[in-house]
Every structure is written in C-alpha cells, then in structure tokens.
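Single-structure report; data block below.
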2 protein chains.
Amino acid sequence: MARSSTAADGSPRRILDAAIEVFAERSFDGASTRDIAARAGVTQPLLNYHFSSKDELWHAAVDAIFEQLDDALRIRTAGLRGVDPLTTAKLLVREFVHFSARHPQLHRIITGEGKTDGERMRWMTDRHTKPLYEATRDIFTPLADAGQVVDLPFASIYYILTGAGPHMFVLGPEFHRVTGLDPTADDVIERHADAIIGLLFTA
Amino acid sequence: MARSSTAADGSPRRILDAAIEVFAERSFDGASTRDIAARAGVTQPLLNYHFSSKDELWHAAVDAIFEQLDDALRIRTAGLRGVDPLTTAKLLVREFVHFSARHPQLHRIITGEGKTDGERMRWMTDRHTKPLYEATRDIFTPLADAGQVVDLPFASIYYILTGAGPHMFVLGPEFHRVTGLDPTADDVIERHADAIIGLLFTA
DNA sequence: GTCTATAATTAGATAGAC
DNA sequence: GTCTATCTAATTATAGAC
C-alpha cells in the first residue's frame, strides 16, 4: 500500500505535495522551485538536496499523482470479485470522475505536458498514460463486443472519457465563474459522473 | 471581416501568430518573449514596441485566437437561413471540432489559464468564454426542449462538448504516441466530429 | 519601425556552516 | 537534514542609434 498523503509526513513528502500543486497550476517552466519550497514550508536549496534537480522533482511528482490515481482505482475494484464486468466498468468510470474532481492536478499536469513533443511528455506517456490507456482498453473491449458500450473506436472513447470527465474540474475556477456552480460540490460531481456513464454505456 | 492570417502580414501580425503558438505551448509564465520574437523573426525589444508588455501581448493573442474561432463559426452559419435549428447546431458542433483540430492553440490557452483564479483567467472568461457559453446555450436550449439533445443540464453539455471535442487535439503529441493515430488526419477529425455529434444529439 | 546594448529582476543550482 | 549566502544564466523591459 502506498502513501496517498495529505501532507503531515517529512520534508520530502511535503515538497512532493507542493510540487504537484505548483506544477499543475503553472506547468513545468512556469513553476518556480522557490514557490514550491515556500508552499512546502522549507527553503529552496532543500529541494536540490532531496531531489537533485527541478527535472527530477517533476518526475517524482508525476509518479506520485499517478500512484494516487492507481491507488484510488485499485481500492475501488478490490473485493468486487462477484460483480459483473459492466457494473465494474461503470464503478471505475465513476471513481475516475470523482478522482478528477478531488485531484484536478493530475489532468492539469497531463494537459500541461501532453501538448508538446518533448522529453517529459514521452516519459510520462510511456510510463503512465499508455499503460492506463491499455488497461482501460482491456476492460472496455469485451463490453464493446457485447454491445454494452457506445459503438466507437476505443481511441475515441478514451479521449472522450479523459476529455469530458475531468474538464470541468481542470477548469474549476473558470467553470465556477461561467456557470455559477461549485465544481467541488458533491452533487455536481455525482451528476457529472452520471452524465459521463450515461453517454458511454448503452446498457 | 477580420484577418484570419497565416502569417505574411507585417511584424505585429507575425508577432501575434508566434505569441499564440508559444503561449499555447508553454503557458503564460513559461513563454519567453525571446522565444516569441525568434519565431516571429524579429528581435525581442520589438515586442515591447508594438505591444507594450508581455501581459498586453498575451491579451492581444487571446483576442486574436478567439476571433479566429468566431470567424470560423460565423462563416459556417452564413447563408444557412432556411436550414432547421437542429441541422445548424450539428454543423456548428462539427465546425467547432474541426477548428479545435486545426487550431489546438485555443484550448491549450484556455486550459493553461482557466485552472487558476487570476487576473488573466477572469479577463478571458468575462470577455470570451462566458459569451461563447451563453451563445451556445441559446442554440441548445430550444433543441433540448424539443428532446433533440441529450437530457443533461446545459453546463454539463457545454463542458462535455468543450472537454471531449478538443482533447485529442490539445494532447496531439500524446494522442499520437498512445494510439498511433494522426490527430491532424482528415478522417480522424471527421470521425471524431461524428462521435461527438452522435453522443450529444438524440435526433 | 527595427536594431544593439544593457539595466533590473528572478531563475535553478552550489558551497559551506550548523 | 536544513539553513544562509551566493554564483551563473535567463528573464522582461528600457535607452538610444539608425
């Protein structure tokens, strides 16, 4: 079991949590190590002590946020042995929407890096995004064969799910200003999960 | 009629086009005015001559890219007087997906700024995003009343459309690496537009 | 209108005390 | 393990020649 952390641990953990926040908000170039250090309550050179460079800190932060997603999805499926694949898939999609609402940092980082073909994008894609894509495909393919999922190529389904699911939370401040709704409110999150599930599943 | 530009004009226009590119790729903080100047083929102080600061250049770039969207949508609806509202709405959604594919910069900038509650986010939302939201709502509301649109609150529909529609193009490099598909290929774009329309409209 | 040169600030990283 | 002090490089913006 891995630390999901809400802070409280030692300096490395607090630095990592602050790094996730700042990298998500400002992207890699815009994030300053001084800002990260300030939010972690430590001085800036301490980041170089625990993580040897800004680049390595970024990699560690991305590992940590993806690990939090993996944990959330794994916990959701644990002890679901007898449940049918369709119900399991819907529960996973619901958990994914909930996670995106509670941790908009993940998709903020993904959209910050996935748009340019650089070293960081390739590392993140090979290590995290592609395995997630393939695991999701393995769950959806039998359902699609059984006609229980909307009839679209899986690539479309995946990018519709990961686009539509987190978007209102990624743009939380904008969403609130435009609609007057609170993207952190339980009923808004639940209704959005219902909407995504209703769109993607046909059974 | 406004310049849609593919470059070729004077320095201010070339600087603006380069600024859209770089702000989209690296977000505001990560974009350097030297990089923008280099891509525009001018020296860095010239940006301050034409646009007085990096901040003003950003505002001008955002106005320009939203103007390009407005132009594309306006041209699409021009001379569509006799066409019924449902067909018009579908054509607009299709045009929106096409625009997002050809100009992923727009939603790269939106996701870069809409995630933090700052001065730029508020300006962009009040001036561009909210009016677009309201115009879209005016088109969808009568269709929803007639049962021709999926039965969801409009806020959900809008953030599903603007999340799912552009996402594979915003993450173009990642999408290509994960799926092997080319997000600039005409058939990929067309099929994605079909998918979005199929999901949102019930008639 | 566009350039070169440069000022003022801030970035990431290192040295060394404790 | 954490700090203060500081180095070097890169940032935005300005001054002034042409």
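Labels below follow one simple rule: chain letters A, B, ... track the order of the sequence lines, proteins then strands, and each chain is numbered from 1. Owing to the predicted nature of the structure, the values given are computational and were not obtained by experimental measurement.
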statement: In 5'-to-3' order, the base (B), backbone-only (S) or no-contact (-) status of each nucleotide in nucleotides 6-18 of chain C, using a 4.0 angstrom heavy-atom cut-off, is -----BBBB----
statement: Separation of D:dG1 atom C1' from A:Ile15 atom CD1, nearest Å, is 10 Å
message: If you count heavy atoms of other groups shown closer than 6.0 angstrom to CZ of A:Arg120, is the number above 12?
response: yes
- prompt: Below 4.0 angstrom from OP1 or OP2 of D:dG1, is there any side-chain N or O of A:Tyr49?
  reply: yes
- prompt: Cut-off 3.5 Å, side chains only: do B:Asp182 and B:Thr184 have a donor facing an acceptor?
  reply: yes
message: Counting only heavy atoms not in B:His50 (residues, nucleotides, ligands), do more than 12 fall under 6.0 Å from its NE2?
response: yes
- prompt: OP1 or OP2 of D:dG1 less than 4.0 angstrom from a side-chain nitrogen or oxygen of A:Ser11, does that happen here?
  reply: no
- prompt: Roughly how many Å is it from CH2 in B:Trp58 to C1' in D:dA13, rounded to a whole number?
  reply: 20 Å
- prompt: According to the interplanar angle, ranging from 0 to 90°, do the rings of A:His128 and A:Phe66 count as parallel (below 30°), tilted (30 to 60°) or perpendicular (above 60°)?
  reply: parallel
- request: Say whether A:Tyr158 and A:Glu134, considering side chains only, have a donor N or O and an acceptor N or O under 3.5 Å apart.
  value: no
message: From CZ of B:Arg14 over to C1' of C:dT2, roughly how many Å is that when rounded to an integer?
response: 11 Å
query: For the residue pair B:Tyr133 and B:Phe154, is the inter-centroid distance of their aromatic rings smaller than 6.0 Å?
result: yes
message: Please confirm whether the shortest side-chain N or O distance from A:Thr43 to OP1 or OP2 of D:dC3 is below 4.0 Å.
response: yes
